[in-house]
Amino acid sequence: MKKILLGLLTIVLATALAACGNGNDAKKDTSKATETKEIKIGATAGPYSDMLKKAIVPGLEKKGYKVEVVEFSDYIQPNKALDSGDIDANLFQHSIYLENFNKENGTKLKKLIIVPTAPMGFFSKKYKTVDEIKDGSTVAIANDPSNEARTLKSLQEQGLIKINDQIDQLKASTKDIKENPKNLKFQEIEAAGLPRAVESADLVGVPGNFALAAGMNLQDAVFLENMPDQFRNVVAVREADENSQLSNDIIEVVKSAEFEKIIDSDFKGFGKPEWMKK
């Protein structure tokens with residue numbers, strides 16, 4: 001009888017201990033659910049790094065993320081870092097550039113959402129208006145395909161050149177110029193070097209991010225680009241993460257009233273994408 005009672009007591013104690021153990025495990029699981037989610041988002045140094053820090057990161061932090069902003073000095077490394085998994089998203093490029101990068105590098109990066117973007121500015125130390133631009137003037141433009149196309153499109157809108165209308169004008173290059181009434185001479189250089197080219201060229205098309213990073217005032221430009229959405233910057237992620245919780249949270253933050261309020265106060269002159277105008 002004593003052995004039976006002892007056995008029953010052992011079973012009761014074991015059950016009680018197991019219950020305590022399960023309670024501790026449940027408590028541990030709950031605490032794990034509230035742990036901070038650590039992510040890295042890349043951007044080129046300048047206005048888009050600032051946009052992350054001021055308008056996007058605070059919203060993600062409210063959602064429980066711990067965000068590190070990683071700054072890059074060129075247009076190649078942010079996508080390489082994203083593709084390799086060193087960062088979780090990036091903000092620095094427009095859709096056309098992203099598509100070209102994927103084709104040339106075999107990567108699978110995806111546009112997540114378009115954000116307000118600083119337009120390309122055409123700067124000059126010689127001219128104040130388009131009408132002043134003289135015959136034979138030198139025009140410095142970006143040498144990468146996507147920025148070259150947007151530069152030529154802007155020059156065409158100002159009546160300075162005419163592009164062959166049989167080609168996709170979003171992919172135009174200088175060889176597609178059909179009419180050049182002022183005999184403009186084109187110098188193709190790295191986009192990052194365009195702000196310095198203002199000292200030597202007669203007219204320079206500087207992408208907005210490089211202009212602002214160099215301390216240039218977009219309002220000082222001879223004229224500004226009329227930017228289509230294809231040339232506005234995007235938040236990009238890996239294709240495999242396109243529908244992830246992080247991606248959904250980034251979209252929600254960018255579409256928030258708080259985001260637009262910061263854009264209006266701290267990023268004046270940035271052109272808004274069509275989705276923000278609806």
Side-chain angles (χ1 to χ4, degrees), residues 32-33 35-44 47-72 74-118 144-147 149-150 168 170-171 207 209 227-260 262-263 267 270-278:
K32 277 186 175 180
E35 282 180 1
T36 303
K37 297 161 281 190
E38 296 185 2
I39 62 169
K40 294 182 180 180
I41 305 181
T44 45
Y48 299 103
S49 174
D50 291 341
M51 186 179 291
L52 279 177
K53 295 172 183 176
K54 293 181 179 181
I56 297 179
V57 170
L60 289 175
E61 288 177 339
K62 288 179 182 178
K63 292 180 176 292
Y65 292 92
K66 181 178 180 182
V67 187
E68 178 184 347
V69 175
V70 182
E71 294 188 351
F72 297 88
D74 63 39
Y75 278 6
I76 305 298
Q77 297 309 314
N79 278 342
K80 286 189 173 182
L82 179 57
D83 182 58
S84 67
D86 290 338
I87 59 176
D88 301 288
N90 67 35
L91 171 57
F92 78 97
Q93 66 197 319
H94 49 63
S95 299
I96 301 296
Y97 181 89
L98 178 59
E99 291 170 8
N100 288 338
F101 188 92
N102 280 334
K103 288 178 183 177
E104 293 174 3
N105 296 276
T107 50
K108 293 183 178 180
L109 307 179
K110 284 284 188 176
K111 171 188 76 176
L112 194 60
I113 188 167
I114 305 171
V115 300
T117 306
D144 61 277
S146 56
N147 281 318
R150 63 192 285 209
D168 182 352
L170 296 180
K171 298 180 180 179
N209 60 320
M227 183 183 293
D229 265 4
Q230 294 96 322
F231 291 136
R232 297 191 197 282
N233 281 2
V234 302
V235 177
V237 296
R238 289 179 293 279
E239 183 178 66
D241 297 329
E242 188 176 10
N243 297 309
S244 68
Q245 185 60 51
L246 172 60
S247 293
N248 292 334
D249 287 339
I250 290 173
I251 291 172
E252 188 173 318
V253 168
V254 173
K255 287 187 173 181
S256 69
E258 291 82 1
F259 176 85
E260 186 166 12
I262 294 170
I263 294 300
F267 298 88
F270 280 50
K272 293 180 180 179
E274 290 301 319
W275 69 262
M276 290 187 80
K277 300 174 184 177
K278 295 177 181 179

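Just so it is clear, the values below take in all heavy atoms, side chains as well, and ignore hydrogens, waters and symmetry mates.
- Residues V253 and Y65 fail the side-chain proximity criterion, which asks for heavy atoms closer than 4.5 Å.
- Of the inter-residue distances, the one linking D241 atom CG with D88 atom CG reads 7.5 Å to the nearest 0.5 angstrom.
- Residues Q93 and A236 share a closest heavy-atom pair of NE2-CB, 3.8 Å.
- Between I41 and L60, the closest side-chain pair of non-hydrogen atoms falls below 4.5 Å.
- Closest non-hydrogen pair, D229 versus P273, comes out as OD1-CA, 3.3 Å.
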Exercise. Would you please test N209 and Y75 for side chain to side chain donor-acceptor pair (under 3.5 Å) and show each step?
Key: CA-CA 12 Å; N209 60 320; Y75 278 6; 3.0 Å; yes
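- In this structure, OH in Y97 is found 8.0 Å from CD in E104, a value given to the nearest 0.5 Å.
- In this structure, K63 places its NZ atom where more than 12 heavy-atom neighbours from other residues, nucleotides or ligands lie under 6.0 Å away.
- For the pair P116 and M51, the tightest heavy-atom approach, listed with the atom from each and the gap, is O-CE, 3.3 Å.
- One finds the CG atom of L109 at 9.0 Å from the CD atom of E239 (value rounded to the nearest 0.5 Å).
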Practice problem: Just do the side chain to side chain contact (heavy atoms under 4.5 Å, CB included) check on V254 and W275 with the steps written out, would you? | Solution: CA-CA 11 Å; V254 173; W275 69 262; 3.7 Å; yes
Practice problem: Go through the steps for T107 and N79 under the test side chain to side chain contact (heavy atoms under 4.5 Å, CB included), then give the verdict. | Solution: CA-CA 9 Å; T107 50; N79 278 342; over 6 Å; no
Practice problem: Dump the intermediate steps for side chain to side chain contact (heavy atoms under 4.5 Å, CB included) on Q245 and K37, then the final yes or no. | Solution: CA-CA 11 Å; Q245 185 60 51; K37 297 161 281 190; 5.7 Å; no
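- In this structure, CD1 on I56 lies 7.5 Å from CD1 on I250, to the nearest 0.5 angstrom.
- Nearest approach of N100 to P145, heavy atoms of both residues: ND2-CB, 4.3 Å.
- Shortest non-hydrogen contact noted between A118 and F270 is N-CD2, 3.5 Å.
- In this structure, the side chain of T117 engages the main chain of N233 through a donor-acceptor pair within 3.5 Å.
- In plain terms, the two heavy atoms of V69 and S49 that are nearest each other are CG1-OG, 3.9 Å.
- Within the 4.5 Å cutoff, the side chain of H94 has heavy atoms near those of the R150 side chain.
- We find the CZ-CD1 distance between F101 and I76 to be 5.5 Å, quoted to the nearest 0.5 Å.
- Between atom CZ of residue F231 and atom OG of residue S146 there is a gap of 6.5 Å, rounded to the nearest 0.5 Å.
- Other residues, nucleotides and ligands place more than 12 heavy atoms under 6.0 Å from the NZ atom of K272.
- Distance alone, capped at 3.5 Å, places no donor-acceptor pair between the N90 side chain and the L82 backbone.
- Using a cutoff of 4.0 Å between basic side-chain nitrogens and carboxylate oxygens, K53 and D50 are not scored as salt-bridged.
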